[in-house]
Amino acid sequence: MAKQVIDFNNEEVRNAYRHTTSHILAEAVKNIWPDAKLAIGPAIDNGFYYDFDLDHKFTDDDLKVIEKEMKKIIKAGKPLEKYELSREEAIKVMKEKGEDYKVELIEDLPEDEILSFYKQGDFFDLCAGPHMEKTSNIKAVKLTSVAGAYWRGDSDKKMLQRIYGTSFPSQVELDEYLKKIEEAKKRDHRKIGKEMDLFAIYEEGPGFPFFMPKGMVLRNELERFWREIHKLNGYEEIKTPLILNEDLWHTSGHWDNYKDNMYFTKIDGEDYAIKPMNCPGSMLAYKRKMYSYRDFPMRIGELGQVHRHELSGALHGLMRVRTFTQDDAHIFMLPEQIKDEIKGVIKLIDYVYSEIFGFKYHIELSTRPEKKYIGTIELWDKATDALREAMEEEGLEYIINEGDGAFYGPKLDFHLEDSIGRTWQCGTIQLDYMMPERFDLTYVGSDGEKHRPVMIHRVIFGSIERFIGIITEHYAGKFPLWLAPVQVKLLTVAEAFEPYAEEIAAKLQQAGIRVELDTRNEKIGYKLREARNERVTYIGIIGEREAEAKTLTLRHNVEGELGEMNVDEFVQKRINDIKDKK
RNA sequence: GCUGUUGUAGCUCAGUUGGUAGAGCACUUCCUUGGUAAGGAAGAGGUUCGGCAGUUCAAUCCUGCUCAACAGCUCCA
């Protein structure tokens with residue numbers, strides 16, 4: 001028989017490979033714990049999992065034992081054979097085996113369906129396939145972790161034990177994958193954030209991050225950049241309060257839809273809420289006066305700090321917090337301005353993602369949610385069509401994310417891809433006919449009558465905090481010069497060169513460059529090592545040679561050794577780099 | 001919120017089958033004036049081992065509760 005060729009780049013083949021491995025996992029677990037009940041075990045992005053219901057709690061040591069058993073099954077080279085059963089037969093077989101979850105799965109399938117099974121030796125499982133020909137096709141396996149997972153992904157149902165693993169056609173590929181995971185861990189923004197002293201989160205405030213001086217540099221630079229581009233693009237800026245009367249949130253619909261995630265407080269016996277979003281505040285700001293159609297489009301930005309009560313288990317560094325700053329803006333406009341405004345925001349987002357940060361990204365169109373939404377289906381369709389048309393006119397590709405819209409309108413979500421291939425949803429453009437209605441926003445048209453404006457809610461970074469987390473991992477802490485908390489660190493070779501080093505430091509500082517000076521009584525190798533660990537952009541070394549020639553010897557955190565350079569030339573070049581956002 | 005794991009000095013971690021705690025780094029002082037990833041020596045540092053109860057002659061170690069972190073699930077306007 002010809003050897004089965006495994007094309008691991010083919011998604012179908014890869015999934016079949018991992019799926020077969022998950023069957024082997026299930027068999028191994030059943031061999032060791034015959035009482036284990038099987039749930040489901042599909043292939044996923046980087047491997048597979050299988051869910052089990054079993055009183056014994058799997059430990060990390062168990063994973064090793066299971067792996068060993070899996071290797072036995074693989075070595076046995078059992079062929080995977082497909083066969084079919086009728087519904088009744090299938091239910092009967094599974095009931096006999098006490099596989100309650102399988103019975104439930106089968107009972108939920110259409111009545112007339114013929115069910116396919118796969119078996120390997122004595123082990124069999126309900127499965128649509130496809131699979132590898134035999135268990136010995138699996139060459140390299142690793143069980144990675146065990147975790148809880150709800151039966152059928154429903155938090156009201158029982159929690160099962162899920163074993164995660166991965167498999168590859170060779171040990172080399174498996175090792176490469178594991179190495180990649182290790183690399184990603186090194187980039188973890190929580191680790192780098194601690195090492196670089198950017199931010200911290202304490203037990204006293206879970207989900208409420210503190211920003212330290214170096215982290216504040218990042219924040220302030222991002223915000224400064226944000227203000228700059230928004231001014232250029234015709235936005236004005238406001239700031240609205242963190243706490244507002246609860247009535248406002250009833251009007252907006254936030255209370256109905258998201259009160260579980262809101263924080264409340266009382267002031268003088270009245271109920272107030274801490275804002276989970278900025279828009280209702282923006283609505284009040286809009287309503288302060290009358291507008292003419294000539295005032296539109298009106299673009300109002302706000303770096304607004306919001307608070308949301310996230311579940312404790314959902315918190316994750318800066319990526320998922322309980323307070324964060326949205327780089328929000330609301331655009332009020334005439335219906336005929338919708339498409340142009342959407343296109344304008346798309347361009348702005350593209351500029352920031354592609355030009356400034358070098359992110360690849362894709363766009364998703366999120367449509368009306370099943371249940372939680374306000375307004376009529378007609379208006380939802382109208383808004384969704386407008387987003388779609390704007391995209392199509394710009395020749396942009398997008399994928400549809402059914403039912404994932406905000407409760408007040410459909411949206412375009414921008415998912416960026418970082419330097420190690422992970423995607424993050426950041427930017428969003430939401431088109432909204434509902435809030436202007438609820439808040440009775442008006443403008444006076446050319447006919448002298450009052451009309452209803454349409455609005456856009458949009459963010460580019462999404463959350464400043466989360467964006468800092470993402471770029472920390474994207475750059476592995478080696479931020480581009482304009483963002484780097486320490487742009488230049490000067491190291492003296494010996495005490496004698498301190499005056500010259502101070503002279504250079506002063507020059508850099510005057511040029512607006514963030515500089516640190518290390519004149520400690522330590523060897524240059526030692527200081528260098530420390531400066532490198534701090535990930536400063538440029539390290540400047542100052543000794544006898546440099547003091548005489550009025551130069552400094554430079555090293556860049558990514559490019560490496562740069563040799564000696566004239567001080568004034570270096571300063572001028574860096575000023576230009578910072579201006580160019582390099 | 002749910003399941004599991006973890007919680008010891010500023011950081012990274014070791015440790016005691018229950019007899020009141022250690023290393024390296026960092027920090028301070030001294031020596032060393034050194035040219036591209038750790039020069040040497042000494043010292044200080046834990047309200048005592050996340051918190052609160054309990055068992056015990058004795059708890060950092062055992063038990064219960066609780067808080068937080070981590071992984072995953074659920075959620076993410």
Nucleotide-resolved protein contact map, nucleotides 65-71 of chain B, B/S/- at heavy-atom distance under 4.0 Å: --SSSSS

Aromatic ring pairing F414(A)/Y361(A), orientation class (parallel under 30°, perpendicular over 60°, tilted between): tilted

A37(B) phosphate, OP1 or OP2, under 4.0 Å from R535(A) side-chain N/O: no

Closest to side chain of Y258(A), choosing from A77(B), G39(B), A38(B): A77(B)

Side-chain donor/acceptor contact of R466(A) with base of C76(B) under 3.5 Å: no

Watson-Crick or G-U wobble partner of C49(B), both distances under 3.5 Å: none

Paired nucleotide for C70(B) [Watson-Crick or G-U wobble; both distances under 3.5 Å]: G4(B)

Opposite nucleotide pairing with U60(B), Watson-Crick or G-U, both atom distances under 3.5 Å: none

From T472(A) atom OG1 to D188(A) atom CG, the distance as rounded to the nearest 0.5 Å: 10.0 Å

Phosphate-side-chain proximity, K157(A) and C73(B), N/O vs OP1/OP2 below 4.0 Å: no

Short side-chain N/O contact to G1(B) OP1/OP2 from Y150(A), under 4.0 Å: no

Gap between atoms CD and P, on E522(A) and G39(B) respectively (whole Å): 7 Å

